[in-house]
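In what follows, a single structure is set out as structure tokens and then discussed.
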Amino acid sequence: MTADPSGAGPEEIGQWPGSRLDLTDIAGLLLDIAVPRYGDGGAVFVLERLLAGQTDPGGQLVVRRLANRFAGPDGELARAAMPAGELLAFTADSHYGQLLSGAGPQRFGILDQAVMDRIRPGGRQVLARHRSFLAVPMTAHGVMVGVLVVSRTGRAEPYTNAETAAVADLAARAGASVADAAEFARRRRDGEALRRGLAPAAPPVPDRVEVAWRSLPAPGHLVGGDWWDIVALPGGRTGLVVGDVMGHGLTAAMLLAQLRAAAHTLADLDLEPAELMGRLDRSAAALPGGTCATCVYAVVDPAEGSCTMSLAGHLSPVLALPDGRTHLPALPAGLPVGLGASQFGQARIKLPPGAVLALYTDGLVESRTRSFTKGVLALRSAISGEHGDLAGTCDTLIESLRHQEDDVTVLLARIPPGYSA
């Protein structure tokens with residue numbers, strides 16, 4: 001078959017939605033245009049070094065197949081024998097290797113034997129019926145990012161110069177989208193790995209205190225600057241920490257990891273809340289480049305029916321009593337840690353069984369359209385008289401109060417109703 005290069009085609013690439021940063025979708029759309037317009041089969045490959053975030057080609061000729069498309073009954077066999085996601089390594093003297101080395105579009109009658117040997121039997125069966133191949137580079141800002149291949153079966157004529165130019169233009173238009181999608185996929189993968197690495201270990205389940213929490217990064221970020229922690233203390237007491245590092249993204253996440261580790265270590269020493277804040281302040285100030293974070297530390301004592309808390313520039317916790325009343329405990333405010341304030345206060349409040357203590361970050365109650373005062377009132381209303389499952393209450397608070405603008409963390413604690421020391 002011979003394609004008509006004057007038909008509608010390459011301009012369709014410009015109509016792809018910019019928000020669809022998915023390599024598989026882009027490859028599929030590219031093949032929708034290329035097959036059968038320019039051949040009976042086709043495939044899209046991306047350079048593996050691009051997915052790995054390597055900027056130096058280093059002579060690597062390793063690609064990952066994103067998708068293939070073959071007409072007729074060959075389609076199903078090709079998808080099974082040449083699956084998406086499979087890695088292939090090409091020798092420098094193969095047609096693909098020459099293309100990847102910068103030699104430009106390659107037109108050839110049969111695949112190199114070394115390439116065929118790397119393909120599964122079913123794939124070789126399909127490709128053996130093709131007699132005319134065209135491989136063109138996909139580039140972004142002059143840098144090679146992948147390969148588009150089309151091919152014809154039967155007694156096919158070699159691709160003409162006009163056809164080669166049309167397919168090359170199609171691939172060139174797709175190159176920027178492939179590069180953006182690869183970068184997005186790499187950042188998402190790296191962010192997920194960092195998020196898993198930064199996630200706290202499974203916290204201890206207190207014997208005498210019910211605790212539930214939810215923590216979400218700001219929209220568009222895989223990791224954020226909020227942290228929380230639960231620390232088992234002697235005498236059946238439980239330490240609760242919620243903090244908020246200034247900023248979002250990876251930098252904030254790395255700082256919070258260090259602060260969380262420091263706060264956990266200090267809490268494990270069973271320090272008074274005010275003393276813990278003082279030491280955490282010095283630790284934060286000593287971090288490279290300095291940092292600033294708000295924090296609240298609360299020690300719940302079921303035997304005494306009390307809670308001792310200290311604030312470092314953080315919003316005051318909310319206390320919801322079993323009879324439906326709510327209030328903000330009177331606590332010394334303190335400055336955020338990292339500023340060298342040195343002096344922090346603390347206060348001890350009554351925490352009767354069944355009362356819910358809510359620790360949270362400002363992302364739960366404050367937004368561009370809602371002041372934190374109104375947000376705190378909404379929080380108080382939402383947990384007023386709440387006696388149900390704390391995990392469900394956390395979900396309800398996130399769904400009803402969050403404005404999708406900032407990291408958000410909420411941690412709820414309760415001495416079980418009917419508890420007696």
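We're numbering straight along the sequence, starting at 1.
Between the side chain of Arg64 and the main chain of Glu48, no donor-acceptor pair closer than 3.5 Å is present. A donor-acceptor pair under 3.5 Å is absent between the side-chain atoms of Ser381 and the main chain of Leu377, judged by distance alone. Remark: side-chain polar atoms of Glu76 are not paired, donor with acceptor, to backbone N or O of Asp74 under 3.5 angstrom. The backbone N or O of Ser316 sits less than 3.5 Å from a side-chain atom of Tyr360, completing a donor-acceptor pair. In terms of modelled atom types and a separation under 3.5 Å, the side chain of Asp244 and the main chain of Ala293 share no donor-acceptor contact. Side chain of Arg118 to main chain of Ala89: a donor-acceptor pair is present (N/O by atom type, distance under 3.5 Å, no hydrogens or angles). Side chain of Ser101 to backbone of Gly97: a donor-acceptor contact under 3.5 angstrom is found.
Within the model, atoms OG of Ser215 and CG of Leu411 stand 9.5 Å from one another, a figure rounded to the nearest 0.5 Å. The distance from atom CD1 of Ile383 to atom CG of Leu319, rounded to the nearest 0.5 Å, is 8.0 Å. Between the OG atom of Ser151 and the CG atom of Leu111 there is a distance of 8.0 Å, given to the nearest 0.5 Å. We find the CD-CG distance between Glu183 and Leu23 to be 11.0 Å, quoted to the nearest 0.5 Å. Here the CD atom belonging to Glu272 is positioned 9.0 Å from the OH atom belonging to Tyr297, to the nearest 0.5 angstrom. In this structure, CG on Asp169 lies 4.5 Å from CZ on Arg173, to the nearest 0.5 angstrom.
Residues Leu280 and Ala262 share a closest heavy-atom pair of CD1-CB, 3.9 Å. Nearest heavy atom pair, residue Ala81 against residue Gly123, reads CB-N, 3.1 Å. The minimum heavy-atom distance between Val209 and Ala413, with the atom names listed, is CG1-CB, 4.2 Å. Listed here is the closest heavy atom pair of Ala263 and Leu276: O-CD1, 3.9 Å. Of all the heavy atoms in Ala355 and Leu351, the pair that sits closest is CB-CD1, 4.1 Å. Contact between Pro302 and Arg237 at its shortest, heavy atoms only, is CD-CA, 4.2 Å.
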Might you work through the side-chain contact (heavy atoms from CB on, under 4.5 Å) test for Ile415 and Arg208, ending with a clear yes or no?
CA-CA 7 Å; Ile415 299 173; Arg208 306 174 187 178; over 6 Å; no

side-chain contact (heavy atoms from CB on, under 4.5 Å), that's the test. Do His264 and Val231 meet it? Break it down for me.
CA-CA 7 Å; His264 186 97; Val231 183; 3.7 Å; yes

Given the rule in the side-chain contact (heavy atoms from CB on, under 4.5 Å) test, do Val62 and Leu87 qualify, once you have shown the distances and angles that lead to the verdict?
CA-CA 7 Å; Val62 179; Leu87 286 174; 4.2 Å; yes

Could you walk me through whether Thr238 and Val299 pass the side-chain contact (heavy atoms from CB on, under 4.5 Å) check?
CA-CA 6 Å; Thr238 298; Val299 176; over 6 Å; no

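For Ile110, the CD1 atom counts as loosely surrounded, since its 6.0 Å shell holds 12 or fewer non-hydrogen atoms of other residues, nucleotides or ligands.
Tyr38 does not carry Arg152 over the face of its six-membered ring by the limits of under 6.0 Å from the centre and within 45° of the normal.
Every residue two or more places apart in sequence or in another chain that forms a side-chain contact (heavy atoms from CB on, under 4.5 Å) with Glu399 is listed here: Asp395. The salt bridge (Lys or Arg N to Asp or Glu O under 4.0 Å) search around Glu275 returns Arg279, not counting sequence neighbours. In terms of the salt bridge (Lys or Arg N to Asp or Glu O under 4.0 Å) criterion, Asp301 has no residue partners (sequence neighbours excluded). Contacts of Gln258 classified as side-chain contact (heavy atoms from CB on, under 4.5 Å), with partners at least two apart in sequence or in another chain: Leu255, Leu287. Residues satisfying the side chain to side chain donor-acceptor pair (under 3.5 Å) test with Thr308, not counting sequence neighbours, are none. In this structure Glu86 satisfies the salt bridge (Lys or Arg N to Asp or Glu O under 4.0 Å) test together with Arg65, Arg120, sequence neighbours excluded. Taking Arg124 as the reference, nothing meets the side chain to side chain donor-acceptor pair (under 3.5 Å) condition, with sequence neighbours excluded. Residues passing the side chain to side chain donor-acceptor pair (under 3.5 Å) test with Thr361 are Asp226, sequence neighbours excluded. With sequence neighbours left out, the side-chain contact (heavy atoms from CB on, under 4.5 Å) criterion links Ala84 to no other residue. Ala67 pairs by the side-chain contact (heavy atoms from CB on, under 4.5 Å) definition with Ala27, Leu31, not counting sequence neighbours.
The closest side-chain heavy-atom distance from Val35 to Phe70 is not below 4.5 Å. In this structure the side chain of Phe45 reaches within 4.5 angstrom of the side chain of Val149, judged on heavy atoms. At least one side-chain heavy atom of Ile398 sits under 4.5 Å from a side-chain heavy atom of Leu364. Side-chain contact between Ser310 and Leu331: absent, with no pair of heavy atoms (C-beta onward) separated by less than 4.5 Å. Side chains of Leu240 and Ile230 form a contact here, defined as non-hydrogen atoms less than 4.5 Å apart. Proximity of Leu259 to Trp227: side-chain heavy atoms (C-beta onward) are separated by under 4.5 Å at one or more points. Considering only heavy atoms from C-beta on, Leu357 comes within 4.5 Å of Met309 through its side chain. Between Gln106 and Tyr159, every side-chain heavy-atom pair lies at or beyond the 4.5 Å cut-off.
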Enumerate, atom names and distances included, each donor-acceptor pair closer than 3.5 Å involving a side-chain atom of residues 132-148, sequence neighbours excluded.
{"from": "Ser132", "atom 1": "OG", "to": "Glu157", "atom 2": "O", "distance (Å)": "3.1"}

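Taking the six-membered ring where tryptophan is involved, the planes of Tyr96 and Phe108 are perpendicular, since the angle between them exceeds 60° and thus also 30°.
When each of Pro273, Pro336, Pro317 is paired with Leu311, the side chain to side chain contact (heavy atoms under 4.5 Å, CB included) condition holds for Pro317 and for no other.
In this structure, Phe90 has its ring center no closer than 6.0 Å to that of His95.
Each salt bridge (Lys or Arg N to Asp or Glu O under 4.0 Å) pair with one or both residues in residues 93-114, not counting sequence neighbours, would appear here, but there are none.
Using a cut-off of 4.0 Å between Lys/Arg side-chain N and Asp/Glu carboxylate O, Asp229 and Arg260 are scored as not salt-bridged. Comment: Arg129 does not engage Asp40 in a salt bridge, judged by the lack of any side-chain N to carboxylate O separation of less than 4.0 angstrom.
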